[in-house]
J.: 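Input: one structure, supplied below.
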Amino acid sequence: MSGGLPRRIIKETQRLQAEPVPGIVAIPDDSNARYFHVDVAGPKESPYEGGVFKLELFLPEEYPMSAPKVRFMTKIYHPNIDKLGRICLDILKDKWSPALQIRTVLLSIQALLSAPNPDDPLANDVAEQWKVNEAQAIEIAKQWTKRYAPSQPMPS
Amino acid sequence: MSEEDSDYGDCSDDEMDDDDDDDVYGDYYKHEEVEMENKKDDPEYFEFQLLKVEDVDRLLNENVEALSRAINVTPSLAKVLLHSHKWSVQDVIDLHKKDSLKLLVDSRVLPSVKCTERVLSRNFICSVCMQPSLADALCGVSCGHRFCRECWQMHFQVQIQNGVSTELECMGKDCNVLMPEDFVLSIVTNPRLRDKYQEYGFQDHVKSHPELRFCPGPNCPVVIRAPVDKAKRVVCDQCKTCFCFHCGLEYHAPTGCETIKRWLTKCADDSETANYISAHTKDCPKCNVCIEKNGGCNHMQCAKCKHDFCWMCLGDWKNHGSEYYECSRYKENPNIANESAHAQAREALKKYLFYFERWENHAKSLKLEEQAMKKIRARIEEKVMDSSGTWIDWQYLLDSAMLLKKCRYTLQYTYPYAYYLEKGSRKELFEYQQATLEAEVENLSWKVERAEITDRGVRVG
């Protein structure tokens, strides 16, 4: 399927801009319409509240038959997200369905921030901490949010 | 499908009959070997057949057709139903009688109730590619989700390339309805992709069929069929692989399938620690000359000083043969619970190495004895030509060597079993029997290697 951008991707991009998901900004890259710069705001009442997390999202050649590739660029303390920013989320792997969209993926990631799942860990050390001492884990997550994901862009 | 030759067992039988070798003796020995492997009065006897791909296809198709006729569904749907019910036609028919809707939903032929949301195209737009389409160009199966052919085709292509076939699902959101074969094949046109789809499907079907197993031999196309799924010995006569029908690993009685898996994983993990034992030489405990073990028997006699000793424990053989054989029994430190963690770890390693060493040693002996088999044949030939005894007189030696091979194989697999056995009277009894077997095996091995007479009156052991 070389050549122009599939109609599906054009439609999705248009809708993301016209009716954005609350707390999520996804902007296609100037030079590559399959690559998106994403900002996700930490959900309320989660340890990530007040932070803004940068992600990258890429639509592979087979999209929507294959899942988008998504990765956290901002450091985050979360049992299902590892040091490299890779995310353990079923719909990004075997539970992907062509009926899902960029929008649904980003919403699921937002939900994952609200409800960490230490029983299906990607970052083992974090998950362990989460199980042994949840209060302390949440405290670390809050500190990391302040340190690495300030909502105001750092003055450069 | 023709009705002739409906018994799939026929093929393998025919092949065996074709095997009329011109080498009379070679054939005679071969025949003998088969007899030893699978005799009906052997406690290890197991009934099985070797099938070719065509035989398996025929077997599966017979089931599909029978079910398709019995409950009036398409062969493709019958295949889905059988695949999810261990290929039992009767079970599916019974479930169908009881509650056909439940059967179809459980088997993912029909959508479950919660999945009634229909992503039916507004204005005939395929919701996956967002392209407008003609109404009749959108297609799908029982769940009502409709997409265009191009999207289905792409979806199937990506999934098949990932090795998915019987588990191909609908593209609808949260829809887990399985795609029947006829629908997939009506969409996928690329011949290579069609072949792949059918090949993966075949593999899935064999795996879901309780009576069928792929031969685990490298690149071996044979499928084994046995009426009962038991952890019994199967020998593939194409590639000669000997394996356990239940788990597909090397045959491992008396150790169970789970245990042998644990043991083999452990051995692979600990291979570095265990490496040092792979050295093939030891020093004679009496005169210290360096000895390489070149036979299977663990009863060693130093070529230099003629001292008889045990290869495993280096103890005097005199204390081994006659009364109580102690060398196979691991003596645990009785006070271990009170020792430090470090000492306990060392003790655990010591215990593992003890069992591993014996396991590994029998494996090596088995290999060496395999070579000895050739020597025995040469020796018998020589003796017969020399007119000392007839073929029949010497037959006992081949039988003994064959029996030795079997016994040593079993003996090797008693070690993982003993390693995982809880301490107690069961373990003591097991180790007593193991020790007895060990003593007899070494005795037999010693005698087979040195047999010079045809006197059948002398009992071995």
Side-chain angles (χ1 to χ4, degrees), chain A residues 1-21 26 28 33-34 36 57-70 86 88-112 115 117 120 124, chain B residues 108 111-112 114-133 138-141 143-179 184 187-188 190 193 197:
Chain A
M1 280 257 185
S2 55
L5 200 60
R7 193 179 151 87
R8 152 108 182 216
I9 296 182
I10 298 171
K11 285 272 173 197
E12 278 201 63
T13 311
Q14 283 170 356
R15 200 167 153 232
L16 277 170
Q17 321 261 302
E19 315 161 33
V21 191
R34 288 178 173 270
F36 288 75
L57 182 148
F58 179 70
L59 305 175
E61 183 65 25
E62 299 85 19
Y63 183 81
M65 305 310 156
S66 298
K69 305 207 177 306
V70 199
R86 294 177 299 190
C88 179
L89 188 60
D90 56 356
I91 60 158
L92 291 177
K93 294 173 197 158
D94 53 321
K95 286 290 180 312
W96 171 255
S97 149
L100 299 170
Q101 300 181 0
I102 303 174
R103 171 182 298 270
T104 34
V105 167
L106 294 176
L107 278 168
S108 303
I109 291 173
Q110 213 177 25
L112 190 65
N117 176 13
D120 181 21
N124 277 318
Chain B
R108 293 153 72 191
S112 52
K114 60 173 187 192
C115 166
T116 43
E117 175 224 9
R118 309 234 147 158
V119 189
L120 237 179
S121 42
R122 278 166 291 155
N123 309 327
F124 306 118
I125 287 177
C126 165
S127 64
V128 166
C129 64
M130 309 270 190
Q131 300 278 9
S133 183
L138 297 175
C139 54
V141 295
C143 53
H145 297 121
R146 295 285 177 272
F147 306 97
C148 72
R149 294 183 73 87
E150 284 70 38
C151 283
W152 279 121
Q153 148 82 31
M154 274 266 279
H155 173 58
F156 291 154
Q157 182 182 335
V158 167
Q159 295 292 311
I160 294 168
Q161 276 165 353
N162 287 337
V164 180
S165 67
T166 50
E167 278 292 312
L168 264 178
E169 288 180 352
C170 171
M171 289 195 285
K173 195 180 173 206
D174 295 329
C175 180
N176 67 354
V177 165
L178 294 174
M179 297 290 113
V184 176
I187 299 278
V188 177
N190 178 335
L193 210 56
Y197 169 72

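Just so it is clear: chains get the letters A, B, ... in the order the sequence lines come, proteins before strands, and each one is counted from 1.
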J.: Please answer whether the main-chain N or O of Met130(B) pairs with a side-chain N or O of Arg8(A) as donor and acceptor at a distance below 3.5 Å.
T.: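 Pair absent, no side-chain N/O of Arg8(A) close to backbone of Met130(B).
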J.: Give the C-alpha distance, both sets of side-chain angles, the deciding distance and a yes or no for side chain to side chain contact (heavy atoms under 4.5 Å, CB included) between Met65(A) and Cys151(B).
T.: CA-CA 8 Å; Met65(A) 305 310 156; Cys151(B) 283; 3.9 Å; yes
J.: Where does Pro98(A) contact chain B at under 4.5 Å (heavy atoms): side chain, backbone, both or neither?
T.: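 For Pro98(A), heavy atoms of backbone and side chain both lie under 4.5 Å from chain B.
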J.: Please indicate whether Arg103(A) has more than 12 foreign heavy atoms, meaning atoms of other residues, nucleotides or ligands, lying under 6.0 Å from its CZ.
T.: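 More than 12 heavy atoms, drawn from other residues, nucleotides or ligands, come within 6.0 Å of this atom.
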J.: So, for Ala99(A) and Gly172(B), which heavy atoms are closest and what is the spacing to 0.1 Å?
T.: CB-C, 3.9 Å
J.: Val158(B) versus chain A, heavy atoms under 4.5 Å apart: side chain, backbone, both or neither?
T.: side chain
J.: Please round to the nearest 0.5 Å and tell me the distance separating atom OG of Ser66(A) and atom CG of Asn162(B).
T.: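 One gets 7.0 Å once the value is rounded to the nearest 0.5 Å.
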J.: Between CD of Glu169(B) and CG of Asp94(A), what distance do you get to the nearest 0.5 Å?
T.: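 Taking CD in Glu169(B) and CG in Asp94(A), the distance rounds to 9.5 Å.
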J.: Which distance, rounded to the nearest 0.5 Å, do you find between the CD of Glu62(A) and the CD of Gln159(B)?
T.: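 Spacing of CD (Glu62(A)) from CD (Gln159(B)) equals 11.0 Å.
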J.: Select, from Arg7(A), Glu12(A), Gln101(A), Lys11(A), the one with the greatest count of heavy-atom pairs under 4.5 Å involving chain B.
T.: Arg7(A)
